[in-house]
Amino acid sequence: MASSISMQTHRLPPAPSQIINREKVVTFTFEGKEYSAYEGDTIASALAAAGITTFSRSFKYHRRRGLLCCAGNCPNCLVQVGEEPNVRSCVTPAQQGMKVGAQNVFPSLDVDMMSSTQLVDRFLPAGFYYKAFMRPAALWPLYEKVLRNAAGLGEVDTDAQPGYYDKVYKHADVTVVGGGLAGMQSALAAADADARVILIESEAQLGGHLRYSGQSRGETAVHIQATSLAAKVAAHPNIEVMKNTLAFGRYDHNWIGAVQGNRLIKLRTKSLVVATGAYEIPPVFENNDLPGIMLGSAVRRLIHLYGVVSGTTAVVVSANPRGLETALKLIRVGVKVAAVADMRAELDAELVAQLQEHGVIVLPQTTVIKAESGMTRLESVHLRSLDGCHQREVSCDLLVLSTGFMPANELLLQAGAKVAWDETLNEFVLASLPENVFAAGEVTGSHNETDIVREGELAGLQAALAAGFDGNNRAQSLRLRVAPLQARIDELQTEIKQTREQRTAWTAAQLAEQAGKKDFVCFCEDVTSKDIKQSIDEGYDSMELLKRYSTVSMGPCQGKMCNVNALRVCAHYNGQTISETGTTTTRPPVKPVMMGALGGRLMEPVRVTPMHDWHVKRGAKMMNAGVWKRPEHYGNPIEEVRAVRERVGLIDISTLGKFHLHGKDVPALLERLYVNRWRKLGVGRVRYGVMLNNEAVVMDDGVTACLRDDFYYMTATSSGASSVYEWIESWLQGGWKLDVHLLDATELRAAMNLTGPYAREVLQKVCEGIDLSNAAFPYMHAREGKVAGIDALLLRVGFTGELGYEIHVPSGYGLHVWQALMSAGKEFGILPFGVEAQRVMRLEKGHIIVGQDTDGLSNPLESGLEGLVKLDKEDFIGKTSLVFASEYGIEKRLVGFEMPDGTLPEEGNQIVRVGNGPIGLEIIGRITSVRRSPTLNKVIGLCWLPAEMCDVGQEFSIRVRGELKRGRVAKLPFYDAEGVRLNS
Amino acid sequence: MIEIASPLVGKVDLAGEQVKLSELRTGLLHIRGKAAEQVLNAAAMAVGDVLKTDEGLLVRLRRDEFVLLTEEVNAATERIAQQIGDQHVTLTDITHGRGGMTLSGKRVNDVLAKVCALDFGKFVNYHAAQSSLAKVRALIIRHDGGDLPTHHIIVDRSMAAYVWDVVWDAAQEFAHA
Ligand code: FES
Ligand code: FES
């Protein structure tokens, strides 16, 4: 441990702005070597403290890359942490035991053979892969292998276990994104106006750039300003602060997507204030990517927050006061500043005087044109006056760049805000904002503190007002309440307008053409200005095309570091202004978000019947039927079929859709819903019905019992239950004006089907109040009585083809009745049976399953249900389409078939004939259901065939596992054609 | 008398200092029809209102639909049936079709925010809403016990165990925090 700590050679003494706790040390490994970190350190700050300068290798040329932004905005510090690739080490806390490794290196970070690609870079121009890997086509498998190896960053652990992710919904009157100076002011202004405010900050502390600005008016004063504002925000009862939270997307109606660690936040807000600041961006010059070249904000972050300085001799290139302030800070922490080059003509006199006091050479109207490296990092830079007359090389191991900003305006653009290029400021500024969206601070192009504070307050007040809050006595009239707030808004707007007119540029107008080599516009994708020129020369001259062809701005940072530079270079080569060049589209997420986090917590609804635990205890193999769990079988489905055919069986059918229909107009409703007749269904009778949609497609089927003149009980398929409910309810509410109340009773009743030759005997033992004889309770009738002491509704129907009773009882008694029936059936050899046995038996009986044997195009005339359809009925849903279909003629039919040679095809197998298909075969039909029938001892099924091939005995070919097999059309049903058993 | 089997058999109550979760066992009477408001004398209730009556809690689900949480479903059914006359009002005992749980404690809003998109910051006492909770349809009724916020969650019986597990899991981080 001691040796690890002693490695922190670049650590500075403690200071109030630092967020590390030197009392607590953690250790982790990087590239197999052990490093130490203080609590509060990021992986990158700890490595930088140990003198590490190379963090990664670039994507295409495998060039060394070091810390550039230290704010999670560039690609340079991406590492693999354990099983997680593409971790930004500059914003990821170092934790005990972490295993950190470099990505995209071969074989190692220090010695990367792939870096030799830069020696042959003329063979790798922009878009080279579009050209190079096209021919000969036969080599594509090889190309693909090479490209797949080269593509992507990091390693995905395919054995990684699913993590625990979470999701939370939030609501706010005003949401402020960005906890810097502007954001905190906004939040306080809105909260003081009584609005319920959520403040989202992506970092662990509020304060934004104040935490590391080190401004000339005194570091301590700035630090105190940041902490006292943050404390005020934290103490405000109307503000909820969410730190370490990334607002990654703004969607319609101010719906904000955010992530906090593994938690997805879905936030609905009335008003939104975006105070996300600005990204500092690098200029373009030769070798601008060398380790040791850092943005000014990155250098200040390392010094102020972590007490780390990444060099001994620095050159600062600047275009705004922050560059000069950074130079002063470097001097204060003991770094030699060899030169300060500033692109401006007029510099801040006081800052220049202070620098000169320390003997620093300050060069106005000067910029950097080239950097040179030794083995591993920067060794010197070439500075040149803007008029080109003076040039000098200065030795240094740290180049600090404070030359420009790009507003972090992604959320605003997603919301529909418009931006315009300001030729004076050399920056994008806001041209317009959508309703209930506001902006404040550096994101608007303001970098001066006084402006930022004013804008923060204004945006907060406007947002509160837009959300309906004003901070005044609610008893007053709206006009009176709004007036004082509006007055303050007007005052602020006037002040801001004035100061905006006087703003000066903080971003340098760069030299348009550097003509150097390896001057990177896009660090993520290794795109140089030469690549952009070449792309434009090839015709990809609009920004959107250029982006796709050269891949500029398509890397992990999504253009944060390169968008503006790409625009500048593109505009230059096209001979256009930046406004004429235009921007690309901004889409969520603002920064990468883990897929797991987007998924949120695993919430997969599961429905179980009242007898579920019994099935599980009995060893049932449970299957998913939609969200229901159902027993597929209890070990031996063939034996279960035999039990039903020869003795008696019991199946849990609680999943059936069940509906109560109350009212005098139920018969009229049924007439319209079903294809058959219903008006004359007497009390105690049950009828089978088929429902169609408007296009005459079979939607669902089931039975309905008339229990009283004004009370009917309907069943629907398990899978169709909810859509049937919605379907009927929509018709009832849609103007039919029928006096019917529909109630979804699916959950109210457990249901079971007791079926088999001994079903009556079993039921007799536990049933009271119902004469079960065939004469008194025949097939397709309903009776109410008691089963095992419980009020029960009995329907004498049968899907299996045997004598059967559906027994419907209140769900809370379902298990009790089930157990009673199982006990009563013991002496008859009763077996519980599952879905598989039921499917076999219904197939033997030739019953269809809607949705399996039919699809979204099947009408009843072709689905074997023509006997049911009463086209002479006054009307029913789907009738018009069905009449049309019948006049048009039936082209295909669902028929029964057998396999003479006993082959068992699979459901979905195609029926084919010789024709024009890809292998000389034409698909003419398909198998929808098939089983080996244990009762009939042959393979039987249902299939769709062309209408002219449906005669019984007609043979056809089925493609089964690549071979052609013969099937033969058979008469339905396969079993008990006269229905003797059913009616017994 | 055979007891109604609970859909939450085997579930253990959560007895945290900040959040408690327990089974809600109550009878439920569903009342439907345009004349229901008149029969129930509930014209003053807005949709989403909850009224404490001698029989239990009356909740207005929509203009023509109410539910009564009561220990005595049969007695309430009989009483209301007498008021109906020849109007078309349907009374259905839906006790068997639902599972219920009660979530109470200081942090209930934090728990509910993890499973339901409603704004619980504005969900006042004696208010109810039907919404998607843990991806299933639920009736949520706020009925505070003493000073502590208390919500009853009523869902389809078949999904009660699933919803219980999701809510239980969501409550873990707050139970003792
Ligand atoms: S240095 Fe980490 S993202 Fe830029
Ligand atoms: S620098 Fe990241 S996409 Fe260009």
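Below, each value reflects all heavy atoms present in this structure, side chains not excepted, and no hydrogens, waters or symmetry copies. Letters go in sequence order (proteins before strands), and every chain restarts at 1.
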So which part of [X] gets closer than 4.5 Å to some heavy atom of chain A, the side chain, the backbone, both or neither?
{"X": "B:Ala170", "answer": "both"}
{"X": "B:Thr92", "answer": "side chain"}
{"X": "B:Leu118", "answer": "backbone"}
{"X": "B:Val155", "answer": "neither"}
{"X": "B:Asp93", "answer": "backbone"}

Can you list the residues that meet the side chain to side chain contact (heavy atoms under 4.5 Å, CB included) rule with B:Ile2, with sequence neighbours excluded?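 Counting only residues at least two positions away or on another chain, B:Ile2 forms a side chain to side chain contact (heavy atoms under 4.5 Å, CB included) with A:Ile790, A:Tyr813, A:His816.
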
Measuring from atom [atom1] of [X] to atom [atom2] of [Y], what distance do you get when rounded to the nearest 0.5 angstrom?
{"X": "A:His741", "Y": "B:Ile31", "atom1": "NE2", "atom2": "CD1", "answer": "12.5 Å"}
{"X": "B:Asp165", "Y": "A:Met603", "atom1": "CG", "atom2": "CE", "answer": "13.0 Å"}
{"X": "B:Asp156", "Y": "A:Ser811", "atom1": "CG", "atom2": "OG", "answer": "10.0 Å"}
{"X": "A:Asp744", "Y": "B:Arg137", "atom1": "CG", "atom2": "CZ", "answer": "6.0 Å"}

Decide if atom [atom1] of [X] counts as having more than 12 heavy atoms of other residues, nucleotides or ligands within a radius under 6.0 Å.
{"X": "B:Asn125", "atom1": "CG", "answer": "yes"}
{"X": "B:Trp168", "atom1": "CH2", "answer": "no"}
{"X": "B:Lys11", "atom1": "NZ", "answer": "yes"}
{"X": "A:Glu604", "atom1": "CD", "answer": "no"}
{"X": "B:Glu72", "atom1": "CD", "answer": "no"}

Scan A:Lys270, A:Arg196, A:Lys266 and name whichever one has a salt bridge (Lys or Arg N to Asp or Glu O under 4.0 Å) with B:Asp119.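 When salt bridge (Lys or Arg N to Asp or Glu O under 4.0 Å) is applied between B:Asp119 and each of A:Lys270, A:Arg196, A:Lys266, only A:Arg196 qualifies.
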
Any idea which heavy atoms bring [X] and [Y] closest together, and the distance?
{"X": "B:Ala134", "Y": "A:Pro605", "answer": "O-CG, 4.1 Å"}
{"X": "B:His96", "Y": "A:Leu748", "answer": "CB-O, 3.6 Å"}
{"X": "A:Val168", "Y": "B:Lys114", "answer": "CG2-CG, 4.0 Å"}
{"X": "A:Glu747", "Y": "B:Ser158", "answer": "OE2-OG, 2.6 Å"}
{"X": "A:Arg601", "Y": "B:Val115", "answer": "NH2-CG1, 3.5 Å"}

Toward chain B, the part of [X] with a non-hydrogen atom under 4.5 Å:
{"X": "A:Asp166", "answer": "side chain"}
{"X": "A:Ala745", "answer": "neither"}
{"X": "A:Leu267", "answer": "neither"}
{"X": "A:Leu815", "answer": "neither"}
{"X": "A:His660", "answer": "side chain"}

Out of B:Ala160, B:Ala161, B:Ala117, return the one with the most heavy atom pairs under 4.5 angstrom to chain A.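 Highest number of pairs under 4.5 Å: B:Ala117.
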
Contact winner vs chain A - B:Lys135, B:His88, B:Arg98, heavy-atom pairs under 4.5 Å: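 Answer, by heavy-atom pair count under 4.5 Å with chain A: B:His88.
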
Taking the side chain as everything from C-beta on, heavy atoms only, tell me whether A:Val606 gets closer than 4.5 Å to B:Met159.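 No, their side chains stay 4.5 Å or more apart.
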
Minimum side-chain heavy-atom gap A:Tyr164-B:Asp169 below 4.5 Å: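 Yes, side chains in contact.
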
For chain A, which residues of residues 32-69 of chain B have at least one non-hydrogen atom nearer than 4.5 Å to it?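 The list, in residue order, reads B:Arg32, B:Gly33, B:Arg62.
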
Sort out for me which of A:Lys664, A:Lys170, A:Glu729, A:Arg749 touches chain B most, counting heavy-atom pairs under 4.5 Å.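 Looking at each of A:Lys664, A:Lys170, A:Glu729, A:Arg749 in turn, A:Glu729 comes out on top.
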
